[in-house]
Amino acid sequence: MSKNKDTLITDDPSQAAKVLKGGGVVLFPTETVYGLGADSRNLKACLEIYKIKNRPADNPLIVHLSHSSEIPKIANMNAFAKELASSCMPGPITFVLSKLDNSVFSTGLPTVAVRVPSHSKANEMLRAFGGPVSAPSANLSGQPSITRFTDAVHEFKGKVDLILKGPEPTIGLESTVIDLSGPRPRILRPGFWSLDDLKDFLPELDEFSSEDLMQEEEKPMSPGTKYRHYAPNANVILAEEETRPKSDAAAIGIGLSDGWQYSVDLKDNAEYMKSLYSFFRDCDTKGISKIYCFPPTEGRGKEALLNRIQKAADSNLP
Ligand code: TXA
Ligand code: MG
């Protein structure tokens, strides 16, 4: 897509709301990653997002709301959703629920994904807009999501109508997506909240891993899971603990040794989550061809990190 739009860059959320009302596309920060948003009730604006991202038409968008009390207006807020919303919203979690409002953009599914970001600017924009905003992660389809303002400007200036400036994402990986629409809740995409965390709130949670979802070639439960994902140009390899440093490859991990062409050494999983996508982008800028990702440590973030690293590794070009 050519870069020919006049992109307004501002930290004023009411300007962003105005652009959304006018049918424009807004790039905005959230606590997870940057998003590309449009008025959920404006079909043309929502389709524009697919064009900008080069996103497959059957991959649905998450509807962003300013408060969990807005959910019942568009989806069936069942007992699972009420329980989880009271513990985890606002925050880095997305609920898949039965859809009630057909005026909200959808790819034809009977369900809709809803999320209430905790990010201050995103929330101010949603409040000023006063309605649902459909938004995928702001990245070209298949590439790593964006977690830095400079990358957002570099990639999308000229392609979107407005870029909202605000605090950088603190989490760094996309929200946990949990399907609450059926008789048993299931995690479709791990994130900050892991299966173990969520089991404390929802003991009914199924041990359904996203690896199983990947096998479902025919009819994946979360359409996004079947596509090339989170991948830099370099070949991504999940390293073994004992993998030795290589002067012709990059590495990311906790407690790395010296000797890599380029490396990012982190202190824990939280830093790892926050750094993974910007590291992938920096490797592309440096023209690096091979990346070793060392395993995260036990505990929060492990599941989500392994999921994203594995998908990036599965996306290696032949
Ligand atoms: O943290 C996030 O969730 C970010 C920020 C911007 O909010 N958004 C994000 O959106 O990661 P996206 O489009 O990159 O990922 C949304 C995932 C996709 O895998 C999509 O298939 C799935 O959610 N999804 C959306 N609607 C769904 C539905 N009705 N049923 C099942 N999966 C759905
Ligand atoms: Mg995405």
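Atom set for the values below is all heavy atoms of this structure, side chains included, hydrogens, waters and symmetry mates excluded. Order of listing sets the numbers, starting from 1, for every ligand and every atom in it. Quantities reported herein were computed from a predicted structural model and do not represent experimental measurements.
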Participant: On the six-membered ring of Phe149, is Lys165 placed so that its NZ or CZ lies under 6.0 angstrom from the centre and within 45° of the ring axis?
Facilitator: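 Satisfied, under 6.0 Å and within 45°.
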Participant: Just which atoms of ligand 1 are under 4.0 Å from any heavy atom in Ser175?
Facilitator: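 Atoms satisfying the 4.0 Å criterion: 1 (O), 2 (C), 3 (O).
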Participant: Just jot down the ring pair (Phe, Tyr, Trp, His ring centres under 6.0 Å) partners of Phe129, sequence neighbours excluded, or say none.
Facilitator: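 Ring pair (Phe, Tyr, Trp, His ring centres under 6.0 Å) list for Phe129, sorted by chain: empty.
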Participant: For Asp248, does the CG atom have more than 12 heavy-atom neighbours from other residues, nucleotides or ligands under 6.0 Å away?
Facilitator: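 Check passes, neighbour count above 12.
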Participant: Is the count of non-hydrogen atoms from other residues, nucleotides or ligands lying under 6.0 Å from Lys121 atom NZ greater than 12?
Facilitator: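 More than 12 within 6.0 Å, yes.
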Participant: Ligand 1 versus Asn59, non-hydrogen atoms closer than 4.0 Å: side chain, backbone, both, neither?
Facilitator: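 For Asn59, the contact with ligand 1 is made by the side chain alone.
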Participant: Answer side chain, backbone, both or neither: which part of Leu109 comes under 4.0 Å from ligand 1, heavy atoms only.
Facilitator: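 Side chain only.
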Participant: Decide, yes or no, whether a salt bridge links Lys302 with Asp196 under the criterion of side-chain N to carboxylate O below 4.0 Å.
Facilitator: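 A salt bridge is absent here (no side-chain N lies under 4.0 Å from a carboxylate O).
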Participant: How are the rings of Phe105 and Tyr50 set relative to one another: parallel (under 30°), tilted (30 to 60°) or perpendicular (over 60°)?
Facilitator: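 If you compare the ring of Phe105 with that of Tyr50, the planes turn out tilted.
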Participant: Heavy-atom distances under 4.0 Å decide this one: backbone, side chain, both or neither, for Arg55 against ligand 1?
Facilitator: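 Looking at Arg55 and ligand 1, just side chain atoms fall under 4.0 Å.
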Participant: When only distance counts, is Tyr34 in polar contact with ligand 1, meaning an N/O pair under 3.5 Å?
Facilitator: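 In fact, backbone or side chain, Tyr34 has no N or O that close.
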Participant: Under 4.0 Å from any heavy atom of Pro136, which atoms of ligand 1 are there?
Facilitator: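 The list of qualifying atoms is 6 (C), 10 (O), 12 (P), 13 (O).
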Participant: Kindly assign one of parallel, tilted or perpendicular to the pair Trp260 and Phe294, based on the angle between their ring planes and the thresholds 30° and 60°.
Facilitator: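 Perpendicular, since the angle between the ring planes exceeds 60°.
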Participant: Polar-atom distance check: His64 versus ligand 1, any N or O pair below 3.5 Å?
Facilitator: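 Among all N and O atoms of His64, at least one is under 3.5 Å from an N or O of ligand 1.
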Participant: Please confirm whether Lys53 comes within less than 3.5 Å of ligand 1 when only nitrogen or oxygen atoms on both sides are compared.
Facilitator: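 No; every N/O pair is 3.5 Å or more apart.
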Participant: Which atoms form the tightest heavy-atom contact between Tyr277 and Pro144, and what is the distance?
Facilitator: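 For Tyr277 versus Pro144, the nearest heavy atoms are CD2-CB, 3.7 Å.
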Participant: For ligand 1 and Thr30, I'd like to know whether there is a polar contact (N/O to N/O, distance under 3.5 Å).
Facilitator: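 So ligand 1 has no N or O lying under 3.5 Å from an N or O of Thr30.
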Participant: Can you figure out which of Val112, Val33, Ile146 has its heavy atom closest to atom 4 (C) of ligand 1?
Facilitator: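 Considering heavy atoms of Val112, Val33, Ile146, the nearest to atom 4 (C) of ligand 1 sits in Val33.
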Participant: Would you indicate which of Ile62, Ile93, Val96, Val177 comes nearest to atom 30 (N) of ligand 1 when only heavy atoms are counted?
Facilitator: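 The nearest heavy atom belongs to Val96.
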Participant: For ligand 1, which atoms have a heavy atom of Thr111 less than 4.0 angstrom away?
Facilitator: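 Every atom of ligand 1 under 4.0 Å from some heavy atom of Thr111: 28 (C), 29 (N), 30 (N).
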Participant: Counting only heavy atoms, tell me which of Ile178, Ile171, Thr32 gets closest to atom 5 (C) of ligand 1.
Facilitator: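 Looking at heavy atoms only, the winner is Thr32.
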Participant: Report yes or no: does Ser141 have an N/O/S atom closer than 2.8 Å to the Mg ion (ligand 2)?
Facilitator: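 Checking the Mg ion (ligand 2) against Ser141, no N, O or S atom falls under 2.8 Å.
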Participant: Over all heavy atoms of both residues, which pair between Arg41 and Asp101 is shortest? Give the atoms and the distance, please.
Facilitator: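 Residues Arg41 and Asp101, closest heavy atoms: NH2-OD2, 2.6 Å.
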